[in-house]
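Heavy atoms only: backbone and side chains are in, while hydrogens, waters and symmetry mates are out. Heads up: numbering here begins at 1 and tracks the sequence. No experiment lies behind these values; they were computed from the predicted model shown.
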Amino acid sequence: MDEQTIADPSGHWQRIFPGWWPGSVNAIGLGCALLYALLAWYSWHPQQLTPWSFFGLLGCAFALSLIACLRAKQLSAVQVLVWAAVFRLIGCLGQPLLEDDFFRYLWDGYRFAVDGSPYAVPPAVFFGDGSIPQALLNVLGQINYPQVPTIYGPTLEYSFLLGYLVAPAQVWPLQWLYSLVDLALVALLLRMAEPRWVLLYAWSPLVIKELAFTAHPDVLGVFFLMLALHWRQRQWFAGAATALALSVGAKVFALLFVPFVLWRMPLRYWMLFTLVLAALYVPFLLHSGSELAGLQVFLQHWQFNGSLYPLLGRWLDPIAAKMLLGGILLGFCGILLLRHCRRRDGQLPRGDLLFGVFFLVAPVVNAWYLIWLLPFAVLNPRCWSWAFSFTVLLSYVIGLNFDLPGLDPVRMPLWASLLEYGAVVLAFGLDYWRCYGRRLKTA
């Protein structure tokens, strides 16, 4: 080995393996692929999955994605997209991990195909029904909260129907569908931000686990929301209003962005938004109703992985706490909207801040909810949002997922909550110091 190789070992590897030398994006991508392949193996052998293997694999993948983002000097959009496709392919070959929500999706698709609507009656009504095919009986027996009607909006229900038509009682069509939509979202983000920041989303362990492995459908709503914002920025108002309606039809989260997308649009585009949304809902309303019955139960009784809400619950009754936190959210939305409307530079709204406050006050913060925040974290990279994208996985530390002594079946231990939100607070402090500390030094 010559003196130049000793002085620059990375250059030696780069000459031997162009594009694959240790520390290159392709080498890091290969390492992540191996980690996700091992996670896929565990998904087929869930009894061998431990907290150490779960967090170890995803933690290493998260660390590698950070290294690729921060150290990559020549990163192409093709590299980001190709490796994103590889990771999602691996996830689609696995099984859902630490989740059973997909049984509800499979059941909804079946009831939609048979009855024309999944909203008519809750799954529990069909217990003991001999007319249900055996494969769907197996699905029915594993649905959580079967006495509660479905809470999913019409946009998602059409995707469940498509999955049923492809392969009844099978989750893989949904895994493939949502992974393809997610790749379309990655391609869209590559038109809106630098590849190295898009990489953080495209290679995110949270995204790959929740979409490719577990088939959570939130990506449909997120994709249409980002498409609406993109088209709004490019002044295609008809497309923006239509995409926004499809996003709201997927999940009520998107309602937060209705004023940001439709502001200063002519009245006809507000009407278009309303008509598209009505077209999504009217067939179900005429048949049997909508997801509002299930959402009402969800809003009144469910609580999981919140931050401010559990604290206020020590001193206030649930209704008073929700009203106070709802007022905080509405006030913050108003301030953000006023600031956004005063700007004429065409910049997108700060969805990272909007969703950050939303999750701060929400009684329920499931891990897959963060998928709504992360595209905005690509456009406005901050330490706190990407730290949250990993620490939110601590919400899986419950007795139903891991057989550890002292774990409650459905409640997170206090140490997990403190670690999850404590890391976010520390990361937010780092962001504050980087932003305002430098201003003070230059003042």
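Contact check for Asp108 versus Leu156: no side-chain heavy atoms found under the 4.5 Å cut-off. A 4.5 Å side-chain heavy-atom check between Val392 and Glu210 finds every atom pair outside the cut-off. Side-chain contact check for Leu225 versus Leu244: some heavy-atom pair is nearer than 4.5 Å. Using a 4.5 Å cut-off on side-chain heavy atoms (C-beta onward), Ser389 and Tyr201 make no contact. For the pair Cys333 and Leu256, the minimum side-chain heavy-atom distance is below 4.5 Å. The shortest side-chain heavy-atom distance between Tyr119 and Glu157 falls under the 4.5 Å cut-off. Side-chain atoms of Val86 and Trp83, non-hydrogen and from C-beta on, do get closer than 4.5 Å to each other. Side-chain contact between Gln303 and Pro318: absent, with no pair of heavy atoms (C-beta onward) separated by less than 4.5 Å.
Aromatic ring centres of Phe112 and Phe284: separated by under 6.0 Å. For Phe253 and Tyr369, the ring centers sit closer than 6.0 Å to each other. Under the 6.0 Å cut-off for aromatic ring centres, Tyr110 and Trp107 qualify, their centroids lying closer than that. The six-membered or imidazole ring of Tyr396 lies away from that of Phe402, with a centre-to-centre distance of 6.0 Å or more.
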Chi angles and distances behind the ring pair (Phe, Tyr, Trp, His ring centres under 6.0 Å) call for Phe257, Phe376: CA-CA 12 Å; Phe257 285 84; Phe376 296 100; 5.1 Å; yes
Derivation of the side chain to side chain contact (heavy atoms under 4.5 Å, CB included) call for Leu308 and Ile328: CA-CA 11 Å; Leu308 288 184; Ile328 293 173; 5.5 Å; no
Verdict with reasoning, Tyr105 to Tyr152, per ring pair (Phe, Tyr, Trp, His ring centres under 6.0 Å): CA-CA 9 Å; Tyr105 315 155; Tyr152 300 105; 5.3 Å; yes
Take Phe388 and Tyr421 through the ring pair (Phe, Tyr, Trp, His ring centres under 6.0 Å) test and state the conclusion after the steps. CA-CA 8 Å; Phe388 199 10; Tyr421 287 104; 5.7 Å; yes
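For the atom pair SG (Cys341) and CZ (Arg264), the distance works out to 6.0 Å, reported to the nearest 0.5 Å. Atoms CG and CG, from Leu329 and Leu354 in turn, are 7.0 Å apart once rounded to the nearest 0.5 Å.
In this structure, Phe332 places its CZ atom where more than 12 heavy-atom neighbours from other residues, nucleotides or ligands lie under 6.0 Å away. Residue Ile319 places its CD1 atom among 12 or fewer non-hydrogen atoms of other residues, nucleotides or ligands, all under 6.0 Å distant.
Here the shortest heavy-atom pairing between Trp44 and Ala40 reads CD1-O, 3.2 Å. When all heavy atoms are compared, the tightest approach of Ser395 to Phe304 is O-CZ, 3.2 Å. In terms of heavy atoms, Ala241 sits closest to Leu272 at CB-CD2, 4.2 Å. Here the shortest heavy-atom pairing between Gly163 and Leu174 reads CA-CD2, 4.0 Å.
Taking the six-membered ring where the residue is Trp, Phe358 and Phe355 present perpendicular rings, their angle passing 60° and hence far from 30°.
Arg382 and Asp352 are not joined by a salt bridge, as no carboxylate oxygen comes within less than 4.0 angstrom of a charged side-chain nitrogen.
For residues 184-196, the pairs satisfying salt bridge (charged side-chain N to carboxylate O under 4.0 Å, His left out) are Glu194-Arg196, with sequence neighbours left out.
At a cut-off of 3.5 Å, with distance as the only test, no side-chain donor of Asn366 or Asn305 sits close to an acceptor on the other residue. A side-chain N or O of Ser159 and one of Tyr178 form a donor-acceptor pair less than 3.5 Å apart.
For the ring-ring contact (aromatic ring centres under 6.0 Å, His included) with Trp231, the lone residue among Trp236, Phe224, Phe237, Tyr269 that qualifies is Trp236.
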